Structures are given as structure tokens and as C-alpha cells.
Amino acid sequence: MSPSPVAPVKGFAVTLRQIFKKPVTQEYPEYKRPVYPRFRGRHRLWRHENGLEKCVGCSLCAAACPADCIRVVPAENTPDNRVSAGERYARIYEINLSRCIFCGYCELACPFDAITLGNEFELSEYNRDDQIYTKDMLLAEPVKKVPVADPVLYDTPIPYYRTYS
Amino acid sequence: MREPWWITIIKAFVIINLVMVAFAYTTWLERKLLGRMQNRYGPNRAGPKGLLQPIADLVKLVRKEAFQPDSVENGFVYIIAPIISMFTALAAFSVIPFGAGWHLWHWHIDGQILNVPIALILVFALGSIGIYGFIVGGWVSDSKFSLLGSMRTCAQLVSYEVSLSLAVLGVVIMGRSLSLVDIVHRQDETIWFAAPQLVGLLVFFIAGTAETSRAPFDLPEADTELVAGYHTEYSGMRWGLFQTSEYINMITLSALTVTLFFAGWHGPWAPLGPLWFFLKLFICVSIFIWLKATLPRLRYDQLMRFGWKVLLPVATVNAVVTAALVVAFQ
Amino acid sequence: MSADELEQYLGITTLMRAVAWAQTKSMWPDQFGLSCCAMEMIAIVGPRYDIARFGMEAFRASPRQADLLIVSGRVAHKMAAPLRQIYDQMLEPKWVIAMGACASSGGMFNNYTVLQGVDKIVPVDVYVPFCPPRPEALMEGIIRLHEAVQAGIPPAYERRAVAT
Amino acid sequence: MTIAPERRATRTWPIVGPPIYEGSRIPANIPTILEVPRELANLDDILPVNFGPNHPSTHGVLRLVVDLDGERVVGLRAVIGYLHTGFEKNMEQKTWWKAITYPPRMDYLAFQLNELAFVLAIEKLLALEVPEKATWMRQLMSELSRIHSHLIWLGTAALEIGAISLLFYCFRDRDAVLDLFELVGGQRMHTRYFQAGGLAEDIPDGFYPEARTFCEYMPKAIDEYEALLTRNPIWLERTQGIGLLSADDAIALGQSGPVLRASGVDWDLRRDEPYLAYDQVDFRVPVYENGDVYDRYRVRVDEMRESVRIVEQCLNRLDRMNGKPWIADDRKVVLPPREELHTSMESLIHHFKIVTEGYRVPEGEVYVCVESARGEFGCYVVSDGGPKPWRVKFRAPSFVALEATATCMHEALVADLIAIVGSLDTVMGEVDR
Amino acid sequence: MNDWPRVPGFVETKEAYGETTLVVEPAELVEAATYVRDELGFRFLSDISPADYLGWGGKGVSGYIGTATGRDLNLPMTQGLQTLPTLKPKRFSVSYHVLALREEAPRLRLQVWLDDGEHVPSVVRVWPTADWHEREAFDMFGIVFDGHPNLVRILMEDDWEGHPLRKDYPIGGEPVRFSDAE
């Protein structure tokens with residue numbers, strides 16, 4: 001293809017035209033673009049409505065994790081110390097978020113929907129140790145919330161991994 | 001009555017600061033304008049609209065560790081190189097007129113620091129000295145990329161210097177003077193030289209782009225090829241000086257374009273004086289930025305070929321034809 | 001005059017605050033891309049995220065002129081020496097962000113060739129998880145780094161040895 | 001930057017051997033190393049320069065040891081391995097299911113295609129029937145992936161030649177592609193959306209309009225890129241006649257994908273060895289004759305347009321498949337539906353078994369290849385009938401593309417070197433694996 | 001094709017999963033490769049894939065569980081016939097995946113078998129693209145290719161010890177960090 005005299009002018013027009021368009025920039029710290037509901041962010045452990053933990057310490061999530069970043073140490077529930085709804089509960093439940101690849105296999109693996117991946121992605125830390133999330137942190141409500149796009153439109157009616165149990 | 005020496009010094013001080021501010025806001029303008037051309041905002045956090053961005057850059061660069069690689073044998077040259085570039089870049093501005101001059105009390109104050117009869121030659125001479133800063137700085141850094149960068153600088157800037165000076169020959173012939181003030185006056189009396197000297201303008205602008213190593217001729221510091229070219233090993237404010245001198249060169253060149261081809265401080269209407277000058281300067285600098293946003297970079301040998309085989313003949317013919325016409329119509 | 005008085009007399013703390021402000025507003029990253037995360041690192045320069053708003057779009061190719069090293073991806077043992085060299089070539093003050101799981105800890109590549117966490121060879125200021133972090137997540141890391149700098153926390157190389 | 005020089009190999013080959021065949025430009029001794037000509041090597045003005053491992057234009061951590069005679073490249077040796085990640089070793093340790101998360105991280109520009117190759121290999125061994133909806137969605141996602149990859153290529157390659165704005169335009173549109181990935185797969189990159197047997201989740205309703213908007217928008221964006229480059233004289237100067245690779249050399253060097261097609265070989269696995277449903281869509285395979293950087297650019301830009309067309313056709317098909325299954329109903333391989341976990345003991349046992357032990361894949365070895373954005377992406381899998389792959393080997397097109405650097409680099413300048421390496425479109429993650 | 005035995009160094013052919021595997025003697029590999037390239041038209045070498053079969057079929061390696069009639073998809077935990085994988089003749093295999101650029105895109109897997117310490121002739125002169133593939137095989141498995149012009153490590157450092165993808169090479173890495181809570 002031979003160079004034509006008009007060709008560079010077209011290029012100049014392209015760059016010039018952009019000045020009069022509104023930039024596509026989304027100014028992040030002030031405006032947070034809603035993530036899609038399927039976006040996999042920070043993990044969350046769930047409780048039943050009666051306060052008991054959903055996790056029964058079966059370690060399926062640990063088995064499913066490709067990065068081996070979940071550690072579950074189960075213990076038996078006793079009548080005076082009932083933590084979970086099942087026979088056992090997770091005495092220690094830790095996720096090393098600095099290893100986690102957020103593939104979501106843990107929530108697929110969990111038969112009780114005890115662990116899900118939320119939508120929070122603001123997880124930077126000054127220290128690597130702070131990224132080891134313990135059970136208390138995972139059970140707690142995340143501090144930094146992010147907006148989520150309409151789940152009705154952008155997700156299947158009942159997400160594949162979330163059912164009622 | 002001519003102005004006394006101390007006014008000149010005050011003027012020099014004012015203008016140096018003005019140029020520095022202009023430099024600072026040229027970088028800001030470049031970043032903003034590039035941003036808008038690329039669908040984004042550009043700096044807007046440091047101060048309103050990012051107006052404090054250059055200040056932040058400056059403070060940061062000053063606070064950055066000043067450093068000299070161990071392998072540098074001649075530390076003096078390493079330090080002096082950016083200073084040479086900076087000094088000459090600033091000095092060249094001394095002859096650029098940005099106003100007609102004013103009557104203040106009982107003195108006539110010129111619109112430039114010095115009205116030298118050979119101003120144009122002075123600008124080119126200073127520019128040529130400034131190149132040494134780049135060349136020497138790259139050479140003394142003792143880094144291969146720096147060396148390649150300064151080799152490129154050397155070849156590119158020397159070759160385009162020729163076309164650059166030949167391109168203004170037409171203007172000089174028509175203006176019948178080497179003094180920038182006279183040339184501006186002449187344009188005001190007759191016509192802006194951009195019209196009769198269109199070819200000269202184009203050659204001047206292109207050669208000037210190359211001379212200031214702006215895109216698409218930014219080979220000496222093409223960072224995707226040579227990491228950072230001649231200033232690879234420079235950091236902090238020394239690097240800042242190189243950068244400053246490059247931008248000031250660009251401003252000087254824009255100012256020269258405005259002076260030589262667009263009648264300096266004269267406007268088509270409304271005698272606004274320096275405002276016209278700055279407006280034209282702004283447009284000229286924006287065009288530089290626009291070029292950067294649009295064009296890919298030339299290759300080294302293509303650059304050389306273009307300089308010697310296209311620009312130089314065109315500039316020569318332009319000068320000869322202008323001379324012939326001027327003689328013929330006299 | 002004691003040091004504190006001198007500081008107050010000269011307004012040095014204010015000055016340092018101004019310097020910290022300048023450093024956060026003009027923190028130029030090194031152009032150092034390793035793998036997947038490098039794409040998202042470039043994406044923060046892109047129009048949608050536009051790190052230029054923070055004055056950070058000037059990705060410097062020469063480490064000498066860079067202030068921030070974003071280790072964006074997995075570091076093989078073969079790459080460790082060049083990485084450390086780049087870090088050494090950077091001039092103080094300098095900061096390091098370990099971007100993504102691989103740089104933070106080795107991530108899913110727990111094997112013979114990948115360095116298990118880049119903080120074994122360079123002191124890291126901020127760790128950003130995810131694989132790869134979405135650009136907002138990286139920007140949050142950068143903003144947290146800015147917060148730390150403005151709060152007067154010295155860079156990591158002054159605070160801790162390399163291996164944690 | 002200086003790095004300890006690599007030890008030179010002891011030579012078992014004569015310094016000057018006969019060419020591989022008549023008219024070949026492949027260096028005769030070692031096909032991948034351009035040796036400094038002897039008459040130059042004896043002169044003292046050869047400047048050895050290391051481009052990389054951290055150089056702005058090496059697409060990651062490629063190291064090129066270049067011998068320069070002034071600006072001319074007279075010797076070249078590519079050193080790789082700076083991003084060697086041990087994928088193949090790691091995947092041997094993981095169950096098949098978990099191993100799916102690894103391949104996308106290899107070629108991080110066309111991640112869906114890598115995932116696809118591995119998943120197809122598993123399915124070939126399992127002889128698993130994939131539902132139609134999954135096939136079409138996979139095809140759609142891989143074409144989006146191809147667009148994504150070419151966009152990044154275009155942006156970075158143009159940046160290297162100095163056209164900075166293109167990077168921003170390309171990344172603007174890349175974000176649009178990644179939005180679609182995030183919508184469907186849950187992550188912007190590395191979605192692990194393809195699973196053995198189909199897809200991980202159903203396609204949400206919001207996907208179709210968004211994808212259609214993208215399909216309408218994208219051709220206009222490509223017009224913009226072309227307005228900036230295709231006929232720009234500087235771009236033409238910089239790319240035409242640079243990095244020549246003849247058709248024979250390209251085949252001998254095992255090039256594939258756009259590099260091969262730019263050398264005039266009309267070969268596209270999507271058409272010539274159809275997988276998924278490529279035999280049911282209408283698309284053109286762009287082929288250009290000259291084998292230079294410009295033609296590679298043209299091939300990729302044309303491919304983007306074709307990919308948009310394929311995506312549209314896939315959308316038209318998928319529209320009619322609402323409510324159809326998206327994953328095979330094979331309880332031995334696929335995780336059982338969630339609602340069954342609480343009602344069916346069998347399902348729960350299957351679930352536990354697949355998650356903990358993983359499914360077993362019949363013994364055998366297969367080689368499956370897909371047309372990735374860079375060419376033939378092959379996946380050689382050996383299974384011993386157990387729950388983990390015995391051996392996984394990837395045929396990485398970028399790895400092979402890098403072998404062509406020495407051949408392309410005849411009579412090149414430093415600036416051409418950058419353009420040529422850029423035009424081969426290597427992704428170091430895939431080269432080093 | 002029935003004329004596989006005409007390939008120099010022919011040992012056997014296998015058909016599985018729609019792919020043809022042609023096993024040849026390592027000593028005559030170059031002749032076989034040249035024959036395959038020139039006579040059969042397989043001009044395009046896709047890949048060289050070595051594999052290490054140390055421990056194949058041994059303890060901890062289980063066979064495929066199915067029923068005689070195939071897998072029953074609906075019954076859980078079906079214990080069918082357990083088959084051990086077929087034993088391999090030698091420790092390493094090197095597979096050359098070649099392709100003919102013509103209609104139907106025929107592919108062929110040229111395979112040689114060798115034990116630790118045995119050498120394979122290099123096919124760089126037949127398919128120049130084999131250069132790096134062979135270097136990678138050498139680097140990862142320690143398979144020596146005779147006649148290769150530049151057989152040095154490619155992915156690992158030059159002074160790396162061992163060949164990482166061999167089955168007896170440990171995967172390495174370090175334990176994942178967790179808190180010290182017990």
C-alpha cells in the first residue's frame with residue numbers, strides 16, 4: 001500500500017478528535033466502577049441466621065485450592081461449645097491471601113456455602129503477614145465495600161455456588 | 001534614552017523565571033494535552049487541575065539522590081554536561097523579542113533582553129554549544145545506551161542544524177536583517193513571512209522538531225530502543241536539567257518560529273503585544289505535542305536520509321529562489 | 001538549640017511534609033514488566049484508570065530516574081539477580097510494590113524456579129494480592145503507599161532487612 | 001545493564017556449514033543465532049549490548065545479546081528463561097481439575113485460548129461430549145481473547161515504534177473486552193471459565209447486549225487504529241521490507257499463526273483443522289505475501305476484524321440456546337449441580353470425590369492444538385489413568401517465534417530490531433513457561 | 001497409511017485417540033525424519049515433547065477405573081476393572097509432533113524411546129526449528145542430542161544442577177505461610 005498524502009492528516013484528525021470527547025477515565029478513589037456480581041474478591045465465611053457457623057471444617061476448600069493457601073484445623077463441637085451446625089467446626093481457618101489466586105474453587109468446593117468470594121478487591125497491605133486472614137477476619141463484615149452491578153442482569157438467578165442450605 | 005544596565009539585569013531575571021515557568025507549564029500542558037488526546041485526564045491531583053504538578057516534580061527531583069556512576073572517569077564533565085545544556089538553552093532566549101518595547105518613565109525598554117544585530121546567528125551558535133552538553137553527557141556516562149544515544153544526538157543535531165539555518169535564510173533575505181526585532185518589524189510592514197516562506201516554515205519546523213529531538217525525531221532518547229538515550233545514567237535534578245533544557249529548546253524554537261514567520265508580538269488585530277506572542281507560542285507548542293501524539297518514530301538512517309536528501313535541498317532551493325525573487329523585484 | 005527546636009524554628013517538619021507531598025504526587029514507576037500483572041500495570045496507565053492523574057504516568061525506562069518499582073509478576077531465580085540489580089540502580093528514595101500473588105509470595109507456583117516472594121531480595125513497601133490484581137486494586141496499593149509516604153513512614157529499605 | 005556473560009557452548013559444528021537449503025536465510029550453523037561475520041569480528045569496533053532482561057521493548061524479560069556495528073545489528077542471540085515458571089512440573093502435581101487454573105497464566109494475553117487447549121486435551125482423553133452451548137461460548141470467548149491479544153500487541157508494538165497514542169486507544173478497548181470476561185468469568189484475566197465438560201457457569205443475560213455493543217463498537221475503533229498507522233508514511237517506512245521471512249524459512253522454523261500467514265502461507269488451524277464449531281462460521285483468513293513487519297501488522301488487524309465477525313455469529317447462535325445446558329452431565333468429571341448436594345447422597349459423594357481426589361482420566365497421550373493469537377498452541381498430555389496428569393507439555397508459539405529473530409534480523413538496525421521483535425509478538429510467559 | 005514400515009528405523013505404529021504414533025529406532029531418527037519430511041510431506045515440526053516415565057505404573061499410580069462396557073455415569077463409586085497402565089519400553093520418550101501443511105492437516109507423532117544416558121541424534125538439520133526444542137529437552141530432561149550445534153541450557157541458569165522435569169527431581173518451593181496459631 002502506497003503512502004498517500006491524505007493519510008497522515010487522517011491520523012492527526014483522530015488524535016485531535018479525542019480532545020473534544022469526554023475522557024473515558026473513571027477516577028478511581030472517588031468513583032468506584034461497580035464490579036460485576038461474578039467478580040471474585042475477598043473471601044467471606046458465613047454464619048447461619050442463628051449465629052452458628054456454616055463451616056463444618058471438612059477441608060474440601062483446602063483440597064480444592066490450587067495454590068494450597070487454605071488451612072483448616074477442625075475440632076469437634078461439644079454441647080457447651082457449639083460453633084457450627086455440623087458435627088465439627090473449623091477451629092482454625094486461615095487463608096493466605098498473598099498466595100490466593102482468586103480462582104473461586106473453594107466456593108465451588110464448599111458443600112455448605114460456608115465460604116464465598118465477595119466483591120471486595122481493596123486488599124493491599126504493608127506487610128505480608130497481614131495478608132494471612134484468620135477466621136475472625138473472614139467471618140467479619142468486610143470494611144471496604146465496593147459497588148456491585150445489578151446481579152439480576154449480570155448473573156444467573158441463583159449463582160452456581162450459592163444455594164440455600 | 002536607552003535603558004540602563006540594571007534594567008537589563010532585572011529583565012534578564014524576570015525572563016529567566018518566566019521561561020522556567022513556561023517550561024514547567026509546558027510539561028504540564030504536554031501531559032494534559034496528551035492525556036486528552038488519549039481519552040484521559042492527565043494530571044489533576046496535584047493542586048487544582050494538576051497545576052502544581054510541575055512543582056511536585058521539581059521538589060521530588062531535587063530530593064532525589066544525586067548520583068554519579070563509579071565508572072564515570074571524569075566527574076567534572078559528568079556534572080557540567082547538563083549545566084552546559086541548561087545554560088545555553090536559557091541564554092538563547094535572551095534575544096527573542098516578545099514585545100515592541102515600552103516607554104517607562106524616560107527610558108525605552110526593549111521587548112527583549114538584548115537587541116543584538118546578529119541575534120539569529122547567536123541563537124544558532126548557542127544551540128550548537130548546547131548540543132555538546134547532550135553529547136558529552138552521554139559519552140561520559142560510560143553506558144552503552146548512553147553512548148548510542150549521544151552518537152545519535154551528535155549525528156542528528158549536527159545534520160539538522162544545517163537545514164535549520166538554511167531554512168531561515170529566506171526569511172533573512174526578505175527581512176534584510178539578522179536582528180529578530182528588525183525581522184518582526186519588517187513582517188509588520190509587509191506580510192507575515194509564513195505566507196511567502198511557507199516552504200521555509202515547513203523545513204524550519206521539521207528541522208526544528210529534529211533539532212529539539214521531539215517526536216517523531218526523538219531518537220536520541222527513544223526509550224523503547226535505547227532505554228533513555230544519553231541521559232540513561234542521570235538522575236535527580238541533573239536529569240531534570242537535561243529535561244529542562246530540552247523543553248526550553250522547544251520553547252525557544254517555537255518562539256523563533258513565531259518571531260520569524262508569524263510576526264512575533266503583532267497580531268492580526270488588537271495590539272495586545274506580548275499576549276499575541278504567548279498565544280502563538282502556545283499554539284506552536286501544542287502542535288509539537290500533537291505531533292508527538294500522532295506520529296511514529298523515524299529510524300536513524302531514514303532520519304539522516306530525510307535530513308540530507310530532502311530537507312537540505314529543499315531549504316537550499318528555497319533560499320536561492322527567495323534570493324532571486326527578492327533581487328528580481330527590487 | 002536542640003534539634004527539635006531547630007526543626008520548629010526552621011519549619012522542617014512542614015518542609016518534610018511538603019517534600020512527602022511532592023514525592024507522592026510525582027512518583028515515577030520503573031518500566032519493569034514481568035508477566036500477567038504487567039498487563040494490568042500497563043492498564044493503569046490506560047485511559048480508563050489513568051494513573052497520570054497522580055502524576056505517575058511517566059514510566060521511566062531507566063531505573064535511575066524511577067522512584068517506584070512495581071514487581072509485576074513472578075520472579076524466577078534466574079531473574080532475581082537482574083531484579084536486584086534494577087533495584088540497586090534505582091536511587092533513593094525508592095519504593096517497591098509487590099504486585100500480585102506471585103511477587104508477594106510465589107502464589108500458585110510453589111516450585112523449584114519461582115522465587116517465593118520478592119521480599120526475599122528487595123524490601124517491599126506494599127503487597128497487593130490477586131492474580132492478577134485488577135487495576136483498581138493496584139491503584140489502591142499505590143494510594144496506600146502514598147498514604148504511608150505522607151504519614152512520614154520511611155521506605156522499606158530503611159525499616160527492615162530484605163528477608164522478612 | 002551488565003550481567004555475567006553466558007558461557008559459550010563448545011562447538012560441535014563447523015563454523016561455516018552449508019545452508020539448510022538453497023535460498024534460505026536461516027543462519028547456517030545455529031538456526032537461532034546470528035553470528036558476527038568473521039571479517040567484522042576481527043575489527044575492534046563491535047559493541048556488544050544487552051537488550052534486556054529488563055528493557056522497555058522486550059515484551060517482558062527477554063534478553064537479546066546484540067552485537068552492534070554502529071547502529072547495525074551484526075550479531076544476535078536471544079537468551080530466555082527469565083520467566084521460567086515451572087508450569088509443567090506444577091501441573092504434574094495437581095489434579096486435572098486444579099491444573100486448569102495453570103495454563104491461562106502462561107500466555108497472559110490469550111489466556112482463554114490456553115485454557116481451551118488444555119481443556120480440549122482433557123476432553124479428548126475422556127471422550128467427553130460437550131454441550132453445544134458450551135462449544136459456541138468457548139468459541140466466542142476465544143475470539144474475544146484473540147482480539148484482546150492483538151489489541152495489546154498493536155498497542156505495545158506501535159508504542160515501540162513511537163506511536164504512543166495507539167497504546168492508549170488499544171488499552172481503552174482492551175478494557176471493554178476484559179469487562180466481558182469479568183462479566184462472564186468473574187475475573188478480568190485468568191477466568192478459569194472453561195472447565196472439562198463445558199463452562200464453569202451459565203452465561204448471564206446481561207452478556208448478550210454488552211457483547212453486541214462491543215461488536216458494533218470495535219470495527220470503528222479498528223478504523224481509528226488504521227487511520228493512524230496503515231497509510232502513515234513513517235509507519236510504512238519503518239515496517240515495510242523490515243524483518244523479512246520467506247515462506248520456506250517460516251515453515252522450516254516452525255512459525256505459525258500471523259507470522260506464518262504474513263509470509264504468504266495460507267494456513268489457519270481454525271479453518272484447516274477445525275475444532276469447536278469453526279467449520280460452521282464464516283470467516284476469512286487474512287494472508288499477506290511479503291513476510292515483513294508491515295504484513296504481520298496487517299494480518300493481525302485483519303484478524304481482529306474477522307474475530308469480531310465470528311463473535312457476532314456466535315452471538316447469533318447463542319441467542320437461540322437460552323436455557324440449554326452449559327456443561328456436560330457427567331457425574332464422574334463434572335461437579336454435580338449445587339441443588340443436588342443437599343438432597344442426593346450420591347451427588348455429595350461425587351462432589352467430595354472430584355474435589356479431593358479428582359477425576360480420573362484414561363491412560364493415553366494426546367496432542368491437541370488450537371490456533372492461539374500467536375499461532376499453533378499445542379498441548380501434549382500424557383495420562384497414566386490417574387487423577388493427575390503424568391506429563392503436560394505445551395507447544396508455545398511464541399517460543400518458536402523467537403527462534404526466527406536471527407533469520408529476520410539480516411541487515412537490521414537497532415530500531416528495526418525493536419520493530420522485528422515486536423512484530424513476532426512473543427509473550428515471555430509462554431516462551432519460558 | 002500402510003507404508004509406515006518403509007520409514008527407516010521403523011519399530012511400530014500405534015493409533016489412539018485419532019492420532020498416529022510412529023515409533024522409530026533412535027539410531028535412525030534422522031533418516032526417518034528426513035523420509036517423513038521429504039517423502040510424506042511433514043514439513044512442519046510442531047513440537048518436540050519429551051516425557052519421563054520413571055515410576056510409571058508403580059505404587060501410588062492408579063489405573064483407570066471403569067466397567068467392562070465403559071463408564072457408568074450415574075452410579076457413584078463404581079468399582080470396575082482396574083487396569084494398570086501399559087508398561088513403557090524405556091524411561092524417556094521423545095515425541096516429535098509433525099504436521100503436513102495440506103488438506104486434512106495430517107499429523108504424526110514420531111516417537112523414540114531411550115534410557116537415561118542414551119543419546120538421540122539431533123534433527124536440527126532436518127527441521128531448523130528443532131534447535132530450541134532440543135535445547136529445552138536437554139535442559140529439562142537431560143536428554144543429549146548428538147550433533148546439535150549449541151546444546152546448552154536454555155531456560156534454567158547455566159550452572160543449574162539437575163534437570164527439573166525429571167520425575168526424580170523434587171518440585172521444590174517452600175511451605176505456605178500461615179499464622180502460628182495451633
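Lettering follows sequence order; numbering is per chain, from 1. Worth saying up front: this structure is predicted, and the values here are computed from it rather than measured.
For the atom pair CZ of E/R153 and NZ of C/K78, the computed distance is 10.0 Å after rounding to the nearest 0.5 Å.
A 6.0 Å sphere centred on CD of C/E158 holds more than 12 heavy atoms belonging to other residues, nucleotides or ligands. For CD of E/E15, the number of neighbouring non-hydrogen atoms (other residues, nucleotides, ligands) closer than 6.0 Å is greater than 12.
Here the closest heavy-atom approach between residue E/P170 and residue C/Y112 is recorded as O-CB, 4.4 Å. Contact between C/N110 and E/I171 at its shortest, heavy atoms only, is O-CG1, 4.0 Å.
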